[in-house]
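Chain naming here is simple, since letters A, B, ... match the order of the sequence lines and numbering starts at 1 in each.
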There are 2 protein chains.
Amino acid sequence: MVKVMNIIQTIASIPLFEGLPDNYCESLGLIAVRKTYARGQMFFSEGDDGIGFYIILSGKVKVFKLSADGKEQIFHILEDKEPFGEAAVFAGEHYPASAQALVETSAIFFPRPKFVELILSQPSLALSMLALLSLRLRKLTLLVENLSLKEVPGRLAAYLIFLNDRNNHSKSIELDVSKNQMAGLLGTIPETISRILKRMSEEKLIKMSTRSISIIDKKGLADLAEGVRRLA
Amino acid sequence: MVKVMNIIQTIASIPLFEGLPDNYCESLGLIAVRKTYARGQMFFSEGDDGIGFYIILSGKVKVFKLSADGKEQIFHILEDKEPFGEAAVFAGEHYPASAQALVETSAIFFPRPKFVELILSQPSLALSMLALLSLRLRKLTLLVENLSLKEVPGRLAAYLIFLNDRNNHSKSIELDVSKNQMAGLLGTIPETISRILKRMSEEKLIKMSTRSISIIDKKGLADLAEGVRRLA
DNA sequence: GTTGTTCCTTGACTTAAGTCAAATATAAAT
DNA sequence: ATTTATATTTGACTTAAGTCAAGGAACAAC
């Protein structure tokens, strides 16, 4: 029972379920299953039946698709307390993309049938899910915008600013994803990332250290991201 | 009252609200407002407050974003009974993109506050909305995949097949959107569309008439869309 | 340390697709 | 029909970014 209690407390602390009455958190706890995935292990693959969704407790997960020739487009890189696979629970039968652990990751799993049942009895939970999906939609919209409206330096600048904003606006950005992953997220290749980061350094927009990047001219980066300025 | 009755019947026929109890359709009818938009008129612009969402009764609407230098990325082109602006109702405060009537369009509008209220009292309505948002998410996922994993001929092939499938798999596709719009949707420019359609004709994948396109080699197109084959 | 592995950088080359500009074609208006 | 406007096609040119291939770091294991 100790383990169940832990899950319930954990659930209550997840933004998605915030403000739910205690007894519903308990119901959630009862249908939730804790799982651990090793680095590189797949949660699910594109086309699999959508049997439920996950919420990350710790670790890092990438959601992506592969093209016929093996190129990979990453849609999201997700961390603590972020859910994934949730769209498949409501829409179609299958997961539209694949999900893989980038590092050892622990997550809780909510099986579809029981969760849908719960939703039906609890409108405010439904409202939370609606807000969540809307947010995802917004994030994806941003990605589409980036991919088609901006060239790579702009996308990269936007991503650096995103990372910076997420880390409390501290001047230095930890590069906890490989340039390979970065490239996949930005719809390009690692070589291009390298070259652009170099140009950004030359133009004194950023300073590079081994495992991190410092933003020197945030305005300049923002201009790049807006497509206002371009890189020499 | 006649007008209200019409709206209620209309609402009951919309997939999004299918299977709802009559009294809820009536409630929806009471908060719904019918509006008409001229060709070129804006429903809302990116950044506007998300005051509600629309469902198309007749006409055609494009949802898009503009870059700093005026390039336009179209996210969806929507027709009868399709909703738009719904994400803004739940997520943030603002519409993430703009919506404009491509032809004279009539729609019903649901104001946010009253709709949210309704959702809270009716879980199965919430479930419909969840499914809808998931579907949107899926469509966008596809767009991202197209934009980054495939080159333009592949995207165009995928789009032609999409149009074909939508129109009951009839051999000929009506080009009811300009090549300009098409280009915007596929993240490219009209010139490129022209050239690729020409090459597709030369390779006997399609046959072009003035206002329509016939698919000759569907398999060939599908191969292009999958990225299996390439255009000479 | 030294070895092996993985990741990152750099260079030379190629190419898809964008820009600019001009010529046609189609549709709309009088 | 003739004119006007709008869309489409075509050509010549440019360029961002991809491919291929070779060196260099960084890191882990022994």
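- One can find a donor-acceptor pair under 3.5 Å joining the base of D:dG11 and the side-chain atoms of B:R195.
- Side-chain contact between B:L197 and B:I206: present, with at least one pair of heavy atoms (C-beta onward) separated by less than 4.5 Å.
- Closest to the side chain of A:E191, from the set C:dA27, C:dT10, D:dA26, is C:dT10.
- Distance, A:M208 CE to D:dA25 P: 14 Å, rounded to whole Å.
- Using a 3.5 Å distance cut-off with no hydrogens or angles, the side chains of A:D48 and A:H94 do not pair a donor with an acceptor.
- At whole-Å resolution of the value, NZ in A:K198 and P in D:dA17 are 17 Å apart.
- To the nearest angstrom, P of D:dA17 lies 17 Å from CG of B:L149.
- For A:Q181 and C:dC7, the CD to P distance is 9 Å, given to the nearest whole Å.
- For A:R230 against D:dT15, a side-chain-to-base donor-acceptor contact under 3.5 Å is absent.
- The side chain of A:R211 lies closest to C:dC8, out of C:dT26, C:dC8, D:dG18.
- Rounded to a whole Å, the CE atom of B:M200 is 17 Å from the C1' atom of D:dT9.
- Protein atom CG of B:D69 is 12 Å distant from nucleotide atom C1' of C:dG18, rounded to whole Å.
- In this structure, the CG atom of B:L147 is 16 Å from the C1' atom of D:dA17, given to the nearest Å.
- For the 3.5 Å distance criterion, the side chains of B:S148 and A:Q73 qualify, holding a donor opposite an acceptor.
- Listed pair B:S178 / D:dA7 fails the phosphate criterion, with no side-chain N or O lying under 4.0 Å from OP1 or OP2.
- Considering only side-chain N and O atoms, B:T188 lies under 4.0 angstrom from the phosphate OP1 or OP2 of C:dG18.
- Put simply, the residue from A:D80, A:T105, A:D176 that forms a side-chain hydrogen bond (donor to acceptor under 3.5 Å, both in side chains) with A:K60 is A:D176.
- Set against D:dA17, C:dA12, C:dA16, the side chain of A:E151 has D:dA17 as its closest nucleotide.
- Taking side-chain N and O atoms only, B:K179 has a distance below 4.0 Å to OP1 or OP2 of D:dT9.
- OP1 or OP2 of C:dG18 sits under 4.0 Å from a side-chain N or O of B:T192.
- Comparing B:P190 and A:R155, the nucleotide of DNA chain D nearest to each residue sits closer to the 5' end for B:P190.
- The B:S194 side chain lies nearest to D:dT8 when the options are D:dT8, C:dA17, D:dA17.
- For B:V152, the side-chain atoms get nearest to C:dA17 when compared with the rest of C:dA16, C:dA17, D:dA26.
- One can place CG of A:L197 at 14 Å from P of D:dA17, the figure rounded to the nearest angstrom.
- Evaluated for a ring pair (Phe, Tyr, Trp, His ring centres under 6.0 Å) with A:F84, the options A:F53, A:Y54, A:F110 yield exactly one hit, A:Y54.
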